[in-house]
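Data first, discussion second: the structure below is written as structure tokens.
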Amino acid sequence: YQNVRLDSVCKHLVCFAYDGWYFQCNTLVFGWKNSAYCYHTLNAAVASYARSFGVPIWTYIDDRLIGELCGLPPTCRENGYDRAYRAFYGVAHLVTRLGIYISIRKTSPVPAQTRQFLGLLIHSDVPAFSIPKGKVNSFALLRDEALRSSVISVRLLQKIAGKCIS
């Protein structure tokens with residue numbers, strides 16, 4: 001988060017105190033209860049605009065998954081890879097012009113038929129979702145630990161629940 005600048009009339013809504021000091025945020029922060037709603041609403045507007053140009057885009061809060069460009073004239077000879085590449089750069093240009101930060105760590109400009117998005121693998125060629133092997137393995141370790149124990153701690157139950165949710 002922290003990529004949506006707050007207007008001066010709103011900054012007093014996003015303040016906190018720490019060790020006797022008072023801080024006022026200049027950007028929308030994750031900890032404010034309405035942040036997810038604000039980010040999702042902004043992202044939905046960007047997605048709607050991109051879709052009007054034939055770019056399939058899926059959003060969740062501040063995450064985006066971009067598909068290949070659709071609705072091109074029949075005379076267009078671009079392959080799926082090129083259409084996906086063009087769609088990505090079109091959306092990247094749009095969001096950066098709007099002042100939205102793109103995380104390089106979470107972004108891949110190279111089109112692929114399988115992409116991890118929100119903790120799941122999305123296979124566009126099948127189409128199907130799957131769970132990454134690392135998640136399956138880490139869940140299996142917790143499961144085995146629970147099965148070996150005669151008493152399961154609350155902490156272990158919380159870890160198992162967390163893995164199921166993520």
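Excluded from the calculations below are hydrogen atoms, water molecules and symmetry mates; all remaining heavy atoms, backbone and side chain alike, are included.
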Donor-acceptor pairs under 3.5 Å, side chain of residues 111-123 to any protein atom, not counting sequence neighbours: which ones?
unit_1: Thr114; atom_1: OG1; unit_2: His123; atom_2: ND1; d: 3.0
unit_1: Arg115; atom_1: NH1; unit_2: Ser108; atom_2: OG; d: 3.4
unit_1: Arg115; atom_1: NH2; unit_2: Val110; atom_2: O; d: 2.5
unit_1: His123; atom_1: NE2; unit_2: Ser130; atom_2: OG; d: 2.7

Run the side-chain donor-acceptor check on residues 141-156: report pairs under 3.5 Å with partners two or more places apart or on a different chain.
unit_1: Ser149; atom_1: OG; unit_2: Glu145; atom_2: O; d: 2.9
unit_1: Ser153; atom_1: OG; unit_2: Leu156; atom_2: N; d: 3.0

For a quick test of your reading: what N or O donor-acceptor pairs under 3.5 Å do the side chains of residues 7-22 make, sequence neighbours left out?
unit_1: Asp7; atom_1: OD2; unit_2: Val9; atom_2: N; d: 3.2
unit_1: Lys11; atom_1: NZ; unit_2: Asn26; atom_2: OD1; d: 3.1
unit_1: His12; atom_1: ND1; unit_2: Val9; atom_2: O; d: 3.1

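Residues satisfying the salt bridge (charged side-chain N to carboxylate O under 4.0 Å, His left out) criterion with Asp82, sequence neighbours excluded, are absent altogether. In this structure Tyr49 satisfies the ring pair (Phe, Tyr, Trp, His ring centres under 6.0 Å) test together with Phe53, sequence neighbours excluded. Contacts of Phe88 classified as ring pair (Phe, Tyr, Trp, His ring centres under 6.0 Å), with partners at least two apart in sequence or in another chain: none. Residues passing the ring pair (Phe, Tyr, Trp, His ring centres under 6.0 Å) test with Tyr89 are Tyr85, sequence neighbours excluded. With sequence neighbours left out, Asn34 forms a side-chain hydrogen bond (donor to acceptor under 3.5 Å, both in side chains) with no residue at all.
The cluster map of Ile, Leu, Val, Met, Phe, Trp and Tyr, joined by side-chain heavy atoms under 4.5 Å apart, puts Ile160 and Ile131 in different clusters. Note on Phe129 and Phe139: separate hydrophobic clusters, where clusters join Ile, Leu, Val, Met, Phe, Trp and Tyr whose side-chain heavy atoms are under 4.5 Å apart, directly or indirectly. Linking Ile, Leu, Val, Met, Phe, Trp and Tyr residues whenever their side-chain heavy atoms come within less than 4.5 Å places Tyr60 and Leu28 in a single cluster.
Between the side chain of Asn43 and the backbone N or O of Thr59 there is no donor-acceptor pair closer than 3.5 Å.
Counting heavy atoms from C-beta on, the side chains of Lys159 and Lys163 never come closer than 4.5 Å. Taking the side chain as every heavy atom from C-beta outward, Val55 and Ile66 approach each other to under 4.5 Å.
To the nearest 0.5 Å, the span separating OG1 on Thr96 from CG on Leu98 amounts to 8.0 Å. Rounded to the nearest 0.5 angstrom, Asn137 CG and Lys135 NZ are separated by 12.5 Å.
Here the closest heavy-atom approach between residue Arg64 and residue Val95 is recorded as NE-CG1, 3.9 Å.
The environment of Tyr37 atom OH is sparse: at most 12 non-hydrogen atoms of other residues, nucleotides or ligands sit within 6.0 angstrom.
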